[in-house]
There are 2 protein chains.
Amino acid sequence: MGRGRAANYDDQREMILDRAAALFAQRGSAGTSMNQVAEACGLSKATLYHYYTDKDALVASIAQGHVARLQEIVREALALEGLTPDERMRHMIRQLVDEYANAQNAHRVLTEDVRFLQPEVRERVLDQEREVVAGFAQVIGTLRPDLKAAALSKPLTMLLFGMINWMFTWMRPEGPMDYDAMAPVVTDLFLGGLGAVQAPGAQPPS
Amino acid sequence: MGRGRAANYDDQREMILDRAAALFAQRGSAGTSMNQVAEACGLSKATLYHYYTDKDALVASIAQGHVARLQEIVREALALEGLTPDERMRHMIRQLVDEYANAQNAHRVLTEDVRFLQPEVRERVLDQEREVVAGFAQVIGTLRPDLKAAALSKPLTMLLFGMINWMFTWMRPEGPMDYDAMAPVVTDLFLGGLGAVQAPGAQPPS
DNA sequence: CCTACCGATCGGTAGG
DNA sequence: CCTACCGATCGGTAGG
């Protein structure tokens, strides 16, 4: 390869991210020492610090990689043509649940540890999250323009995210219900309920 | 008073619990040192340890006090007579949101830090939580017996809890929406959506 | 209710 | 002048 980074530099970075995410998801990032991360990676701590400047860099990279995939899902879903808003919403929820299921450790880090990052890094991750929320809110606004006018699109999006995020804290993958079975339940509940929500001080929709 | 605990022993315990809950909610229990707790209480670390044996005892007491109030809410709501299931559900959600709003720090500790407790203590808290969940699931089962038969009462309860729990992570009390305004939105969404959920492999209800 | 400490481990970095 | 690492240890602080 000549000069520059080793061929497996990026592979090492990814391996570290994976193992760190598993530890952080289990014990929390504050409850995990860099020694434990190094040990789980089969590296000395000095080598670990060669790849990532500090613990926050690990937390940030784990979260950013995950939320970047969520952004991609939303962008692709909004670009799909010939879908009714209802169909688009179903598609987006399904894709979201699939990504969460594929990245459970990263998802836990995103929802529980990002808030402890330095403001600057944290804001960058939150900006990514805002785009994801905005994508969902946009479709919800199409389904219920009156709720959008009442500034309820984003709160409703957050309620949807609450159901799904929380799902991944209480469901054990080996349990009687699996994510695949829950996705349509969540979708039916949310889309069905959306028709029943009343804008504050307004008449229910016809 | 003679022998025994000081007159203000219980007051001190409560004061400590309050300050500790505020710190734990802000930085996480793993990210908070007992020195910080002692300082926030205006006590030496040794005095703090006179009131609580260790950090886990603080976390457990904070969580147990909060979930005990949730249990009380559920018991009272189930004992109310002359309510339709729909009315009972609305009442329970409203009471739940009110208690969460009154105990936001304790609520954060319950949802984020209890999982790091030793199994024995954690199970005691989880048993309390299970009673709360069972109460909601019971009313949901009355509203949709077919979903209860499909073992969906508890998953649906967890989706409701997800919306509400998550609400308290993203809403700032000074924001445009407040908990009071969100409670009916959550209730409408959930009760409205409940009618749209299909039991897996079954026909939708008439 | 305090000062004075402990064994151990923390996150992070030195020289080579 | 660079990278990829190592064994050893830094100054401070953790829970108790």
Ranges pairing with ranges for DNA chain D, where each run has three or more Watson-Crick or G-U pairs under 3.5 Å: none
Which residues within residues 12-31 of chain A lie with some heavy atom under 4.0 Å of an atom in DNA chain C? none
[X] side chain to [Y] main-chain N or O, any donor-acceptor pair under 3.5 Å?
X: B/Thr111; Y: B/Arg108; value: yes
X: B/Thr169; Y: B/Asn165; value: no
X: B/Arg90; Y: B/Leu191; value: no
X: B/Arg69; Y: B/Gly65; value: yes

Give me the ring orientation class for A/Tyr9 and A/His50: parallel if the planes are under 30° apart, tilted from 30 to 60°, perpendicular past 60°. perpendicular
Sugar-phosphate, base or nothing in reach of A/Thr53, heavy atoms under 4.0 Å: nothing
Sugar-phosphate, base or nothing in reach of A/Tyr52, heavy atoms under 4.0 Å: nothing
Distance, nearest 0.5 Å, that separates CG of A/Leu70 from CD of A/Glu129: 8.0 Å
Can you check the distance between C/dG16 and D/dA4, where both ends of the measurement are the C1' atom (answer in whole Å)? 13 Å
Which whole number of Å gives the distance between the P atom of C/dG12 and that of D/dA8? 22 Å
Tell me, do [X] and [Y] make a side-chain contact under 4.5 Å, heavy atoms counted?
X: A/Trp166; Y: B/Met163; value: no
X: A/Arg94; Y: A/His91; value: no
X: A/Leu160; Y: A/Val186; value: yes

Distances for protein N/O vs nucleotides 8-13 of chain D N/O pairs under 3.5 angstrom?
none

Within the structure, does a side-chain N or O atom of B/Tyr49 lie under 4.0 Å from either OP1 or OP2 of C/dC1? no
Please tell me if A/Ser44 has a side-chain N or O lying less than 4.0 Å from either OP1 or OP2 of D/dC6. yes
Just how far, in rounded Å, is [atom2] of [N] from [atom1] of [X]?
X: B/Tyr51; N: D/dG16; atom1: OH; atom2: P; value: 19 Å
X: B/Leu48; N: D/dG16; atom1: CG; atom2: P; value: 10 Å
X: A/His50; N: D/dA4; atom1: NE2; atom2: C1'; value: 5 Å

Ring centroids only, cut at 6.0 angstrom: are B/Phe136 and B/Phe161 within range, meaning strictly under it? yes
If only side-chain N and O atoms count, and only distance matters, is there a donor-acceptor pair under 3.5 Å linking A/His66 with A/Glu99? yes
